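Data first, discussion second: the structure below is written as structure tokens.
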Amino acid sequence: MTYRITLLPGDGIGPEICEAMARVVAASGVDVEWDRQLAGTAALASTGEVVPAALLESLRKNRVGIKGPITTPIGKGFTSANVTLRKALDLYVGLRPTRVIPELRPEFAGVDIVVVRENTEGLYAGLEHTIVPGVVASLKVITERATKRIATFAFEYARTHGRKKVTAVHKANIMKLSDGLFLDCCRQVASRYPDIAYDEIIIDNCAMQLVMNPTRFDVLVMENFYGDVLSDLCAGLAGGLGVVPGANLGDDCALFEAVHGSAPDIAGQDRANPTAIILSAALMLRHLGETRAAERIETAVHRVIAARTTVTPDLGGTAGTRAMTDAIVQAMG
């Protein structure tokens, strides 16, 4: 079977690591036809749009895509292409699995946490306005519909992946209405899954516990902003954003991604770590039902990183992007 998949190389190091990813996917034996599209600065320069209509059409048609990092200007410039894609395609699930490779971070061996982030509302709804000069208000939006569907996803994920517990992360002691509604909805959904343990934790305590005792957590479900922050914290346990996969999922489309930055300072220098995009591709293959191919990729990546002989400088090695990719392909047998 041939899969037609939308590919967004992105900016900076994006094209390099996406090329590495495509090589690894080809070595897995899965037949993929890549539908290459532009987004972000490259798309703006050539089409005048950050997220061109052709890209959205491609994703809606193919229903599966994968992307490299896309630069977002800070405090000015165009709206985040990532946020635009999530809203346009209703990619309401932000999925960030973090499984620590013991040889890379032995102090966190055994950590295997899945962050499930609501992707479409909360503070990231982008509802901001100036009340008077010098005073700006940002609205945090929590709805019953969005919360129940993200909680349902978290419990379904736990059940289908053999997970034992779902923890709702909140700040309902302060934001009693918004986070209170989030908790009420999570509790209602939890009652339908008696086989999955459920508990709750305040976000500041969760951040502390992730540092002190991360193995206590299994699946974490939370609203948008909290998920953005804590998923990066979890990635830090594993060694950074360069070694964890990510996905944005909806009912009709799935977009997998490397969640790290575009690193323009090392673009084109054969120094970028391709791990995150390669593991995201493995996550994508699992989504497509190609479980064996995904396992081969994940095992090979973990084997290469554990050996520490052919890894990029951010992982303590001296190898380039191409050399590390070669090692991963070779480890796949």
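Note that the structure is predicted; figures quoted are calculated from it, not measured. The first residue of the sequence shown is numbered 1, and numbering continues consecutively from there. Side chains are part of it too, since the values below use all heavy atoms of this structure and drop only hydrogens, waters and symmetry mates.
Proximity of a side-chain donor or acceptor of Ser262 to a complementary backbone N or O of Ile70 within less than 3.5 Å is not detected. Between the side chain of Arg105 and the backbone N or O of Gly236, at least one donor-acceptor pair lies under 3.5 Å. No donor-acceptor distance shorter than 3.5 angstrom exists from the side chain of Glu33 to the backbone of Asp35, with no hydrogens or angles considered. Side chain of Thr152 to main chain of Lys148: a donor-acceptor pair is present (N/O by atom type, distance under 3.5 Å, no hydrogens or angles).
Distance check: Arg4 CZ to Asp31 CG gives 12.5 Å after rounding to the nearest 0.5 Å. Here the straight-line distance linking atom CE of Met284 with atom CG of Leu279 works out to 12.0 Å at 0.5 Å rounding. Summarising the geometry, atom NZ belonging to Lys67 is positioned 10.5 Å from atom CG belonging to Leu55; distances are rounded to the nearest 0.5 Å. Asn248 contributes atom CG, which lies 12.5 Å from atom OH of Tyr92 (distance to the nearest 0.5 angstrom). If you take CG on Asp232 and OG1 on Thr98, they are separated by 9.5 Å, rounding to the nearest 0.5 Å. If you take OG on Ser178 and CD on Glu121, they are separated by 10.5 Å, rounding to the nearest 0.5 Å.
Under the 4.5 Å side-chain contact rule for hydrophobic residues, Val229 and Leu237 share a cluster. With hydrophobic clusters built from ILVMFWY side chains whose heavy atoms lie under 4.5 angstrom apart, Leu8 does not share a cluster with Leu38. Cluster annotation: Ile101 and Val243 are assigned to the same hydrophobic cluster (Ile/Leu/Val/Met/Phe/Trp/Tyr, side-chain heavy-atom contacts under 4.5 Å, transitive). In this structure, Val169 is not a member of the same hydrophobic cluster as Val114, with clusters built from ILVMFWY side-chain heavy atoms closer than 4.5 Å. Val189 and Ile150 fall within the same hydrophobic cluster, defined by Ile, Leu, Val, Met, Phe, Trp and Tyr side-chain heavy atoms under 4.5 Å apart, directly or through other members.
The two residues Gly316 and Val311 make their nearest non-hydrogen contact at C-CG2, 4.5 Å. Nearest approach of Ile277 to Met21, heavy atoms of both residues: O-CG, 3.6 Å. Minimum heavy-atom separation, Ala323 to Ala319: CB-CB, 4.1 Å. Contact between Thr321 and Ala20 at its shortest, heavy atoms only, is CG2-CB, 4.3 Å. Contact detail for Gly333 and Arg296: the closest heavy-atom pair is C-NH2, 4.4 Å. Of all heavy-atom pairs spanning Arg60 and Ala88, the tightest one is NH2-O, 3.4 Å.
In this view, Arg117 and Asn224 satisfy the side chain to side chain donor-acceptor pair (under 3.5 Å) rule, not counting sequence neighbours.
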Working for side chain to side chain contact (heavy atoms under 4.5 Å, CB included), residues Val24 and Met332: CA-CA 9 Å; Val24 172; Met332 291 170 65; 3.8 Å; yes
Intermediate values then yes/no, side chain to side chain contact (heavy atoms under 4.5 Å, CB included), Val25 and Trp34: CA-CA 11 Å; Val25 170; Trp34 300 107; 4.3 Å; yes
Pair Val64-His287, side chain to side chain contact (heavy atoms under 4.5 Å, CB included): steps then yes or no: CA-CA 9 Å; Val64 176; His287 175 78; 4.1 Å; yes
Verdict with supporting geometry, Tyr198 and Arg187, side chain to side chain contact (heavy atoms under 4.5 Å, CB included): CA-CA 8 Å; Tyr198 170 72; Arg187 291 165 185 165; 4.0 Å; yes
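A salt bridge links Asp270 with Arg322: at least one charged nitrogen is closer than 4.0 Å to a carboxylate oxygen. Taking 4.0 Å as the cut-off between side-chain N and carboxylate O, Glu57 and Lys61 do not count as a salt-bridged pair. Salt bridge Arg271/Asp314: absent, no basic N to carboxylate O contact under 4.0 Å. With respect to the salt-bridge test (charged N to carboxylate O, under 4.0 angstrom), the residues Lys164 and Asp218 do not qualify. A salt bridge does not link Asp228 with Arg96: every distance from a Lys NZ or Arg NE/NH1/NH2 to an Asp or Glu carboxylate oxygen is 4.0 Å or more.
In this structure, Gln330 places its CD atom where only 12 or fewer heavy-atom neighbours from other residues, nucleotides or ligands lie under 6.0 Å away. When the shell of 6.0 Å around CZ of Arg159 is examined, it contains more than 12 heavy atoms from other residues, nucleotides or ligands. Residue Ile131 qualifies as enclosed at atom CD1: its count of foreign heavy atoms under 6.0 Å is above 12. Applying the 6.0 Å contact sphere to OH of Tyr3 captures more than 12 heavy atoms from other residues, nucleotides or ligands. Within 6.0 Å of the CZ atom in Arg99, the count of heavy atoms belonging to other residues, nucleotides or ligands does not exceed 12.
When side chains are defined from C-beta on, Val221 does not count as touching Glu118, because their heavy atoms never get closer than 4.5 Å. Leu89 is not listed as a side-chain neighbour of Leu255, based on a closest heavy-atom distance of 4.5 Å or more. The shortest side-chain heavy-atom distance between Phe153 and Leu95 falls under the 4.5 Å cut-off. Cys234 has its side chain within reach of Leu210: a pair of non-hydrogen atoms, C-beta onward, lies under 4.5 Å apart. The closest side-chain heavy-atom distance from Pro69 to Ile17 is below 4.5 Å. Looking only at side-chain heavy atoms (C-beta outward), Asp252 and Asp90 stay at 4.5 Å or farther from each other. Looking at Ile13 and His260, their side chains come closer than 4.5 Å, going by heavy atoms from C-beta outward. Using a 4.5 Å heavy-atom threshold, the side chains of Glu298 and Arg286 count as touching.
Cation-pi contact between Arg192 and Phe155: absent, since separation from the ring centre below 6.0 Å together with deviation from the ring axis within 45° is not met.
One side chain, Glu156 or Tyr193, offers a donor N or O that lies under 3.5 Å from an acceptor on the other. For Thr84 and Asn82, the side-chain atoms include no donor-acceptor pair closer than 3.5 Å.
Just one residue in the list Leu220, Asp179, Val115 forms a side chain to side chain contact (heavy atoms under 4.5 Å, CB included) with Tyr226, and that residue is Asp179.
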